[in-house]
Amino acid sequence: MLQLFNTLTGRKEEFHPLEPGIVRMYVCGDTVYDYCHIGHARSKIAFDIVRRYLAFSGYRVTFVRNITDIDDKIIKRAAENRESVQTLTQRFIDAMHEDYDRLGILRPDFEPKATGHIPSIIAMTRTLIDKNYAYVATNGDVMYSVSAFAEYGQLSGRQLGDLRAGARVAIDEAKRDPLDFVLWKQAKPGEPSWPSPWGEGRPGWHIECSAMTLDLLGTRFDIHGGGLDLKFPHHENEIAQSCAATGDRFATYWMHNGFVNVDNEKMAKSVGNFFLIRDVLNSGRVRDPEVLRFFLLSSHYRGPINYSLTQIEQADAALSRLYTALRDIEPAANHEPGDATRRFKAAMDDDFNTPDAVAALQTLAGEINRARANAPQVAATLAAELRHLGSVLGVLQSSPDAFLRKSASAGSEAPGGDAAIEQLIAARQAARKARNFKESDRIRDELAAAGVVLEDKPDGSTTWRRA
RNA sequence: GGCGCCGUGGCGGAGUGGUUACGCAGCGGUCUGCAAAACCGCGUACGCCGGUUCAAUUCCGGCCGGCGCCUCCA
């Protein structure tokens, strides 16, 4: 039985979808004005795992992840670049897809854009005004009145009074309450805008998610996810909007992933300590995108994770061990779920405990290594199990040799490529056959200097990988 | 100021009221022409101080240290 930590209640709860066997989930996506960094990757991978595991567990999953393609930062950046908002956002949407595809993050079933749901946004805003949850402020913006929603603060555990006492609440003359937030914003000259009952304008940030979930998932759905930083105010405001507008309960389970830190500090655009996904993947220090993915799975999704090259190297070593176990084994066509699968499921059922799930894979790799010499059929069966479980985490999807022969250390490429390596290995084989070990060791040293590690097998053949 | 999280062995990182996490690194061994990989074995743990308990890293309280949200943010 799957248990997941529900941020709304602060407890681990048994997971019961609204409709048996069917899960509908929504995850907050990105604002597309720049390239995605490792922090974005973590959130997307965390919920990609949730989705994959739910499907693995037999649920039919509808997965929605939005794109925020209109907001202040986008307008500002487009103006700086002297390009249209549409050109800018499309460029970064394409880049986002490229990055996420490389990381094995499955495309959502629906990937709505805010600008594609303007009529629903306007309709919901009108409903909120009609129900007295919203008002037109003195500056023409439509504001949500937080004091009208009795449950405001339930997700983030905050009291309105405490929030008002906070020193950092912006003072805005147009608001009746400093905590009120914008639903519909009056357009300034030259800004992208849409006609509305309140004049030309554009949506505020929070209303888009409420409108898109309503359009695609209805008034109630099972899981709503996003980064911890979205818990307040974004998700709090979504609840206030959706519950007030529809009278329904919105999402049953709220899930929030922890941050990626650098030197123990949150990775963020505003701090400037961020690493872009594409820069990391292209740095030459990451053998394969799966390494970055595996690194992000090495700690629990709710806790913080510290990004560093040392961590990446350790992830590379650990994942390479799994691939090494799969090498030279043809996985069996079928396999019965064994101890590893039971442990894997138990771990994942416990609020998606990926570190423990990975430990199950490592233990399985050890079993394969022990079985491979004396019980090849057993090894083939276990290898199939390992690959299958790996697919739930989105790793172990390459061929072992292809993975292990990629380089994890930039600048140590052997000249001439793989063909040259094979030639040198053949020359070394000849020297070994003639028991000219001085020459064979010389060739091995030469290859080692180029980052190529040789492994002689019992049958006399030699395989290779990159360090 | 309000709300919340964290502190596990050299590095990461799960977990548990009494029994092996797991990986990386290290040490010893097996295998190997020598290596590599693999396998076998080994080592240094649970921030500090109290309390509860037959027993606490694991529950409770306090302290110290680190971090997050309260403003855009995955």
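Below, chains carry the letters A, B, ... as their sequence lines are ordered, and counting in each starts from 1. Excluded from the calculations below are hydrogen atoms, water molecules and symmetry mates; all remaining heavy atoms, backbone and side chain alike, are included.
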**Student:** How far does OG of Ser461(A) sit from CD of Glu455(A), to the nearest 0.5 angstrom?
**Tutor:**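 One finds 11.0 Å between OG of Ser461(A) and CD of Glu455(A).
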**Student:** Starting the side chain at C-beta, find the nucleotide from G66(B), G12(B), A14(B) nearest to Asn264(A).
**Tutor:**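 Minimum distance to the Asn264(A) side chain belongs to G66(B).
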**Student:** Using a cut-off of less than 4.0 Å, is there contact between a side-chain N or O of Asn369(A) and OP1 or OP2 of C39(B)?
**Tutor:**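 Asn369(A) to C39(B) OP1/OP2: side-chain N or O found under 4.0 Å.
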**Student:** Establish whether the base of G33(B) is bridged to the side chain of Asp441(A) by a donor-acceptor pair shorter than 3.5 Å.
**Tutor:**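 Indeed there is one.
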**Student:** Would the base of A35(B) count as contacting Arg444(A) through its side chain, where contact means a donor and an acceptor less than 3.5 Å apart?
**Tutor:**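 Present.
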**Student:** Quick one: does NZ or CZ of Lys266(A) land under 6.0 Å from the six-membered ring centre of Phe259(A), within 45 degrees of the ring axis?
**Tutor:** yes
**Student:** If C46(B) has a Watson-Crick or G-U wobble mate with both distances under 3.5 Å, name it; if not, just say none.
**Tutor:**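 When the pairing criteria are applied, nothing turns out to pair with C46(B), so the answer is none.
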**Student:** Can you tell me if the side-chain N/O atoms of Asn353(A) get under 4.0 Å from OP1 or OP2 in G15(B)?
**Tutor:** yes
**Student:** Whole angstrom is fine here: how far is it from NE2 in His206(A) over to P in C72(B)?
**Tutor:**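 Interatomic distance, NE2 of His206(A) to P of C72(B): 6 Å.
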**Student:** Between C34(B) and Asp456(A), counting only base atoms on the nucleotide and side-chain atoms on the residue, is there a donor-acceptor pair under 3.5 Å?
**Tutor:** yes
**Student:** Examine distances only and state if a side-chain atom of Tyr53(A) and a backbone atom of Met348(A) form a donor-acceptor pair shorter than 3.5 Å.
**Tutor:** no
**Student:** Can you tell which of C39(B), A14(B), A74(B) lies closest to the side chain of Arg321(A)?
**Tutor:** C39(B)
**Student:** Looking only at side-chain N and O atoms, does Arg370(A) come under 4.0 Å of OP1 or OP2 in C40(B)?
**Tutor:** yes
**Student:** Considering only NZ, NE, NH1 and NH2 on the basic side and carboxylate oxygens on the acidic side, decide whether Arg24(A) and Asp109(A) come within less than 4.0 Å.
**Tutor:** no
**Student:** Counting only Watson-Crick or G-U wobble pairs whose two distances fall under 3.5 Å, which nucleotide matches C3(B)?
**Tutor:** G68(B)
**Student:** Would you mind classifying the nucleic acid contact of Leu230(A) as base, sugar-phosphate or nothing, using non-hydrogen atoms under 4.0 angstrom?
**Tutor:**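 Since only primed, P, OP1 and OP2 atoms lie under 4.0 Å of Leu230(A), the category is sugar-phosphate.
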